[in-house]
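Following: one structure in structure tokens, then a few remarks.
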Amino acid sequence: LDDWADGGTILIKGGTVVNHDQQFEADVLIRDGIIVDVAPDIEAPPGCLVLPAAGLFVMPGGIDPHTHLDMPFMGTVTADDFFTGQAAALAGGTTFHIDFALPINHDIRAGFREWQSKASSGCMDYSLHMAVTQWGPRVAADMGQLVAEGVSSFKFFMAYKGVLQVSDGELLAGLSRCRQLGALPLVHAENGDAVAWMQERLISSGIRGPEGHPLSRPPALEAEATGRAIRLAGVVGAPLYVVHVMSGEAVEEISRARLSGSRVVGEAVVSGLALREAGCWDTNFTSAAALVMSPPIRGPGHAERIKAALAAGVLQLVATDHAVFNSSQKAAGRHDFRRIPNGVNGIEERMHVTWQEMVVAGLATPSDFVRLTSTAAAQLFNVYPRKGRLAAGSDADVILLDPRVTHTLGVGAAHSPRMDTNVYEGKVVQGKVVTTLSRGRLVWHEGRLRVRRGSGRFVRRPPFGPLFQGLDEQERRALTLPYGPTPVPREGDQEAQLPEQQQQEEGVCGGGREEVAAAAAGGGFCSASGSQQGATY
Ligand SMILES: NC(=O)NCCC(=O)O
Ligand SMILES: [Zn+2]
Ligand SMILES: [Zn+2]
């Protein structure tokens with residue numbers, strides 16, 4: 001993996017250039033890691049490397065906004081680190097990802113430092129989301145600091161009770177703080193309390209194998225949490241991004257909310273498009289446990305509803321949730337499904353499986369594919385058009401896809417040395433990424449992967465991305481927070497200064513000591529920093 005191919009000037013000649021909004025015959029000229037021209041018949045500058053692309057689609061590199069590299073979870077650590085995971089991603093046509101950093105003992109700044117150190121050995125550009133696992137004034141203040149450092153999205157887990165799960169109050173506070181900071185809140189939407197109850201019930205009825213995992217997490221628990229998160233976000237006027245939507249019922253919640261004007265975005269993951277729950281009933285424990293992820297891979301009909309929702313624009317993009325555990329790690333749950341580390345692979349397979357399930361299946365055009373696998377993520381997470389587009393001035397993250405090549409996915413074909421199972425084992429797909437350029441470097445070409453440790457760059461993402469545009473106006477019209485309501489003046493108000501009123505005048509919402517401190521720290525439970533009509537909640 002350590003051989004290195006440097007950039008320089010490269011001309012991609014004679015291919016079909018595909019952006020999310022257009023497809024045309026053109027050449028792409030790259031210099032020093034940046035695209036300098038996209039036009040027909042570009043003359044090759046002296047000394048430049050020419051890559052012939054006749055018959056190939058030339059597209060923006062994939063963007064995976066949901067990965068877990070080198071993440072401590074369920075008593076172990078995900079098997080792919082930043083180098084092995086990113087190298088595999090490049091071989092599969094993904095050139096940028098956003099990983100989920102976890103706090104250290106609920107300290108999000110410490111978590112950010114830790115993830116930056118892990119990522120320093122990587123070989124691909126990346127950004128970070130930060131998980132918020134507990135609420136308090138320090139977290140509220142630290143969120144502001146992280147936004148200043150380029151982390152403009154925060155994840156809240158509504159499941160994993162006793163570990164990562166936040167309460168509804170914590171979620172509401174976090175959503176409100178995100179709204180204030182212009183940061184996008186992300187939710188893992190499952191009812192963690194109900195899941196824990198279902199798990200107990202299954203174990204006591206003797207179901208201890210991997211099949212207990214999907215049985216304990218029925219679609220209703222995903223849909224309930226999705227609907228709850230959407231409503232809580234609506235209460236504080238925050239946009240919402242729902243990660244790994246796995247069920248038709250959750251899709252319906254998102255669809256309903258979008259039709260009523262809510263700014264909710266739904267992320268599909270590639271496992272939800274292509275895999276089937278039945279595998280968890282396999283009599284071979286290793287095969288069944290390999291499929292354990294949360295929310296679970298679903299039964300008949302759900303994948304079809306997810307793909308239809310992607311085609312119709314109800315769901316916006318396809319990520320992976322790449323969280324790899326090898327078979328010995330999964331064996332921790334050999335006699336208790338609750339201890340099987342949750343997660344599946346996909347960082348290398350996503351582009352190919354999505355092409356197969358959406359484009360080859362006739363549900364999407366090549367432009368749709370670019371939107372689903374690259375542009376939508378770049379836009380939502382505010383790195384567009386630097387990433388997610390082939391145009392002059394954009395980073396030269398480019399892939400060449402040959403639609404004529406058929407190949408088979410599996411451990412033997414994959415490039416991570418850390419995986420001994422692959423949930424896509426034996427899947428035949430049509431269309432293959434034959435070349436990947438990462439910031440102008442030829443990292444995957446003619447079946448060879450050439451990457452260098454430490455060559456990936458952290459990409460800062462500014463707050464107040466597209467989902468925040470026009471929000472103020474929407475709220476002003478609806479008189480929701482932070483523009484209303486205002487208190488009704490009543491006779492005698494001046495004489496009787498109740499404690500809550502004093503707090504309101506000091507700009508503090510709610511009555512708890514923690515909330516007062518949170519507001520003092522510049523964040524907390526209040527939605528409005530610049531409350532235009534003087535009311536704070
Ligand atoms: N999804 C999963 O099973 N593992 C990774 C952690 C998460 O995203 O919930
Ligand atoms: Zn999750
Ligand atoms: Zn995840």
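Both ligands and their constituent atoms are indexed starting at 1 by order of listing. In what follows, residues are counted from 1 in the order of the sequence shown.
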Under 4.0 Å from any heavy atom of [X], which atoms of ligand 1 are there?
| X | result |
| --- | --- |
| M293 | 3 (O) |
| H188 | 9 (O) |
| H66 | 8 (O) |
| H244 | 8 (O), 9 (O) |

[atom]: the protein heavy-atom neighbour that sits closest, reported with distance to 0.1 Å:
| atom | value |
| --- | --- |
| atom 3 (O) of ligand 1 | S294 N, 2.8 Å |
| atom 4 (N) of ligand 1 | N342 O, 3.0 Å |
| atom 1 (N) of ligand 1 | D321 OD2, 2.6 Å |

Under the 3.5 angstrom rule, does the side chain of D420 hit a backbone N or O of S327 as a donor-acceptor pair?
yes

I'd like to know if the Zn ion (ligand 3) has an N/O/S atom from H244 within less than 2.8 Å of it, counting both backbone and side-chain atoms.
no

Tested for side chain to side chain donor-acceptor pair (under 3.5 Å) against Y126, the lone hit among H97, Q116, R457 is Q116

Could you point out which residue of Q86, E349, R350 forms a side chain to side chain donor-acceptor pair (under 3.5 Å) with T94?
R350

Matching residue for S153 among L380, L186, L128 - test: side-chain contact (heavy atoms from CB on, under 4.5 Å):
L186

Test the K387-F96 pair against the cation-pi criterion, namely NZ or CZ under 6.0 angstrom from the six-membered ring centroid and within 45° of the ring axis.
yes

Do K155 and F100 form a cation-pi contact, if we require the NZ or CZ to be under 6.0 Å from the six-membered ring centre and within 45 degrees of the ring's axis?
yes

Using 4.0 Å as the upper bound for N to carboxylate O, is an ion pair formed by E357 and K427?
yes

Looking just at side-chain N and O atoms, do S247 and R298 make a donor-acceptor pair shorter than 3.5 Å?
no

With a cutoff of 4.0 Å, is K155 in contact with ligand 1, counting heavy atoms of the residue only?
yes

Take every heavy atom of Y160, measure it against each atom of ligand 1, and state whether any distance is under 4.0 Å.
yes

Heteroatom of H188 nearest to the Zn ion (ligand 2) (N, O or S, atom name):
ND1

With the Zn ion (ligand 3) at the centre, find the angle made by OD1 from D321 and NE2 from H68, to 10°.
90°

